[in-house]
Peer 1: 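Right, I'll just put the structure down here and ask away after.
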Amino acid sequence: MASENFRSPSFWFSDLEEPVVPRAPLEGDAQFDVAIVGAGYTGLWTAYYLNKREPGCRIAVVDAEVAGFGASGRNGGWCAYHFSGLESLMADPNTRERALALQRAMFDAVDEVGRASAAAGIDCDYAKGGALIAGRSRPDLERLREEYEEMLDLGFSEDDFTWLDASAFAERARIDGALGGLYSPHCAALQPAKLACGLASFLEARGVSVFEQSPVRTIAKGIITTDRGRIRAENVLRCTEGYTCRLPGLKRAIMPLHSMMIATEPLPDSIWKEIGLHGRPTFADRRRSVTYGQRTADDRLTFGTRGNYYYGSGLRDYFDPNSPSFAHTHSALLELFPSLNDVEITHRWGGAIGVTRDWAPFVRFDPRTGLGAVGGFAGNGVAAANLAGRTLVELVLRETTERTSFAWVNHASRNWEPEPLRWLGFNAVLTMGEWADAAEQKGRDAGLYGRIFEAFVAH
Ligand SMILES: Cc1cc2nc3c(=O)[nH]c(=O)nc-3n(C[C@H](O)[C@H](O)[C@H](O)COP(=O)(O)OP(=O)(O)OC[C@H]3O[C@@H](n4cnc5c(N)ncnc54)[C@H](O)[C@@H]3O)c2cc1C
């Protein structure tokens with residue numbers, strides 16, 4: 001149920017028990033110790049851990065819309081061990097050790113989201129049922145197998161990653177055409193908006209100031225400016241992910257790539273008996289164009305696929321339910337579960353993920369200026385934002401810890417190409433990924449298309 005002056009951006013917001021009433025904007029000038037721009041998971045977890053460590057620290061979180069309005073209130077709810085770019089950091093001898101530590105910390109971050117949200121009294125339907133990834137074509141299965149073997153070679157165990165043949169996979173989920181796949185216990189399913197909105201309310205109750213409906217126009221050393229006010233603060237942290245391109249000078253830093261989701265009506269037991277997913281494991285197949293799904297606490301299926309990049313880093317907050325993108329997402333769901341053909345799709349929405357030029361996220365802080373920034377999760381930020389938030393807090397407190405040595409700290413990616421190169425190049429590569437998937441699904445070689453896609457896009 002949503003309030004009259006707030007339009008629900010996702011199924012998750014519509015599913016909240018309490019109506020969303022936007023908080024008051026920033027009015028006039030104010031002084032804080034730390035100003036955080038962006039009330040998604042990154043900004044909220046940063047405020048959470050900072051407040052926990054330093055209860056006297058004056059913290060402001062400022063959002064253009066409401067807490068969770070961005071990717072954090074729209075995502076697939078995979079609270080997972082993975083983010084793109086980590087494999088290449090683990091493969092590189094120069095960054096291997098720090099990347100392995102980061103991977104282990106990501107396993108823990110999955111649990112920490114559950115622990116911390118429970119400790120804050122937030123019921124976000126967290127269920128740690130693991131993640132299932134199916135190979136539905138021979139090449140996809142081989143790629144998955146290689147990824148699995150690489151993880152074992154790096155020292156992770158069968159407790160972290162389990163290989164499933166077709167029948168073992170089917171015991172957990174009856175995904176059509178699954179030839180086998182990978183299971184990892186390091187993933188929980190959760191209700192994204194319950195987590196984001198719950199965190200904002202918790203922070204407010206702890207004395208953190210949360211300003212909503214306040215687009216920040218400029219960020220500089222010691223000051224942020226909105227249309228109606230300014231905040232002076234010793235530390236200013238930018239947590240704006242896919243929306244970063246709207247800030248001056250950052251148009252090409254992080255690309256907003258949209259991802260599209262649908263939700264079914266609640267499904268009866270007869271369907272669950274057929275498709276499995278007991279214990280609410282999240283599920284996907286290994287296609288290049290990305291799929292991700294979860295069984296919700298109220299027995300719906302939510303399911304998403306990679307969507308569009310719009311010219312000039314265009315951002316969309318709401319989508320036409322008749323858009324062909326949703327038909328594409330729906331047909332991908334039916335490929336996995338053909339028996340859902342007659343099931344009603346009740347919700348359709350999308351949102352922007354933030355992608356850096358090398359598809360790797362970063363946690364940055366400059367102790368001289370007090371300016372920090374986090375972003376580039378590329379569709380894998382639910383658990384990662386928690387770990388990034390904890391890391392940013394340590395950097396703000398000028399501490400040197402294991403976390404502040406992780407491979408993503410102060411990682412720099414170069415800017416994206418200017419338009420029209422960005423739009424032409426990126427969409428061409430995404431289309432090649434779809435062609436390569438289609439070829440392999442028909443038993444053909446993905447050829448050059450597959451190789452070009454893999455050279456430019458991290459999975
Ligand atoms: C459809 C979809 C599905 C996804 N599925 C998954 C998944 O299953 N698992 C997973 O791990 N990740 C997933 N992701 C990615 C994940 O949701 C994000 O990585 C994560 O939420 C990023 O959190 P954030 O706080 O960094 O950014 P966001 O949640 O995008 O928050 C940024 C906030 O900053 C605010 N903001 C931006 N600019 C300004 C400004 N100038 N002034 C004030 N406020 C500003 C925005 O309003 C927004 O609230 C998905 C993303 C999408 C869109």
Side-chain angles (χ1 to χ4, degrees), residues 9-12 25-26 35-47 61-84 106 109-110 113 131 187-190 192-193 195-196 199-200 210-219 224-227 237-248 250 254 256-262 282-284 290-294 302-307 315-317 319 325 329 348-355 361 363 373-386 388-389 392:
S10 66
F11 159 68
W12 309 115
L26 175 71
I36 299 172
V37 182
Y41 297 144
T42 305
L44 294 167
W45 281 124
T46 303
V61 184
V62 185
D63 200 281
E65 303 280 347
V66 297
F69 185 82
S72 300
R74 300 167 187 251
N75 63 72
W78 280 53
C79 179
Y81 63 91
H82 172 80
F83 60 76
S84 60
M106 281 295 297
V110 173
V113 169
C187 185
L190 54 74
L195 177 59
L199 275 172
V210 182
F211 300 104
E212 296 185 332
Q213 312 170 81
S214 304
V216 171
R217 303 297 181 199
T218 59
I219 298 179
I224 63 171
T225 311
T226 69
D227 294 340
L237 311 176
R238 169 168 54 80
C239 305
T240 49
E241 191 58 335
Y243 301 84
T244 303
C245 56
R246 285 184 173 160
L247 287 162
L250 294 168
I254 297 184
L257 171 62
H258 292 78
S259 198
M260 311 304 285
M261 292 205 66
I262 55 177
T282 59
F283 64 91
V290 177
T291 62
Y292 52 94
Q294 73 150 292
T302 57
F303 186 75
T305 52
R306 183 178 281 154
L315 277 153
R316 304 264 197 290
D317 291 327
F319 295 83
S325 296
T329 307
R348 296 167 177 83
W349 72 99
I353 65 171
V355 185
V363 181
V374 173
F377 295 116
N380 297 293
V382 175
N386 172 282
L392 188 56

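From a predicted model like this one, the values you see are computed outputs, not experimental measurements. Remember, it's 1-based here, ligands and their atoms both numbered in the order they're listed. The first residue of the sequence shown is numbered 1, and numbering continues consecutively from there.
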Peer 1: Looking at Arg74, is its backbone amide N or carbonyl O close enough to the side chain of Trp349 to form a donor-acceptor pair, meaning the two atoms are under 3.5 Å apart?
Peer 2: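 Yes, the answer is positive, given that a donor and an acceptor are paired below the 3.5 Å cut-off.
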
Peer 1: Just checking, Arg348 and Phe11: is the charged tip under 6.0 Å from the six-membered ring centre and within 45° of the axis?
Peer 2: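 Judged by the rule (NZ or CZ under 6.0 Å from the ring centre, within 45° of its axis), Arg348 is not positioned above Phe11.
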
Peer 1: How close does the nearest protein non-hydrogen atom get to atom 44 (N) of ligand 1, and which residue and atom is it?
Peer 2: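 Nearest protein contact, heavy atoms only, for atom 44 (N) of ligand 1 is Ala64 N, 2.9 Å.
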
Peer 1: Does any N or O of ligand 1 fall below 3.5 Å from an N or O anywhere on Gly242, backbone included?
Peer 2: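 No: no nitrogen or oxygen of Gly242 is under 3.5 Å from one in ligand 1.
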
Peer 1: What protein heavy atom lies closest to atom 52 (C) of ligand 1? Include the residue and the distance to one decimal.
Peer 2: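 The closest heavy atom on the protein side is Ile353 CG2, 3.7 Å.
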
Peer 1: Heavy atoms only: which of Leu315, Asn386, Val382 is nearest to atom 11 (O) of ligand 1?
Peer 2: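 Comparing heavy atoms across Leu315, Asn386, Val382, the nearest one to atom 11 (O) of ligand 1 lies in Val382.
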
Peer 1: Evaluate Arg74 for polar contact with ligand 1, using N/O atom pairs at a separation under 3.5 Å.
Peer 2: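 Between Arg74 and ligand 1, no N or O pair is found under 3.5 Å apart.
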
Peer 1: Tell me the protein heavy atom at minimum distance from atom 32 (C) of ligand 1, and give that distance in Å.
Peer 2: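 Of the protein heavy atoms, Cys239 O, 3.5 Å lies nearest.
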
Peer 1: Can you tell me how far the CG atom of Asp63 sits from the OH atom of Tyr243, to the nearest 0.5 Å?
Peer 2: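 Output value for this atom pair is 8.5 Å.
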
Peer 1: For atom 42 (N) of ligand 1, what's the nearest protein heavy atom and its distance?
Peer 2: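 Closest protein heavy atom to atom 42 (N) of ligand 1: Val216 N, 2.8 Å.
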
Peer 1: Starting from atom 26 (O) of ligand 1, locate the nearest protein heavy atom and write down its residue, its atom name and how far away it is, to 0.1 Å.
Peer 2: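 For this ligand atom, the closest protein heavy atom is Thr42 OG1, 2.7 Å.
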
Peer 1: Can you tell me the protein heavy atom closest to atom 4 (C) of ligand 1 and the distance?
Peer 2: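 Here the closest protein heavy atom is Asn75 CB, 3.1 Å.
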
Peer 1: Considering non-hydrogen atoms of the protein only, which is the closest contact for atom 21 (O) of ligand 1, and what is the distance?
Peer 2: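 Going atom by atom, the protein heavy atom closest to atom 21 (O) of ligand 1 ends up being Ser72 OG, 2.9 Å.
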
Peer 1: If you have a sec, work out which protein heavy atom is nearest atom 18 (C) of ligand 1 and how many Å separate them, to one decimal?
Peer 2: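 Nearest protein contact, heavy atoms only, for atom 18 (C) of ligand 1 is Ala71 CB, 3.8 Å.
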
Peer 1: Counting heavy atoms only, which of Gly76, Gly351, Gly38, Cys245 comes nearest to atom 53 (C) of ligand 1?
Peer 2: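 Ranked by closest heavy atom to atom 53 (C) of ligand 1, first place is Gly351.
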
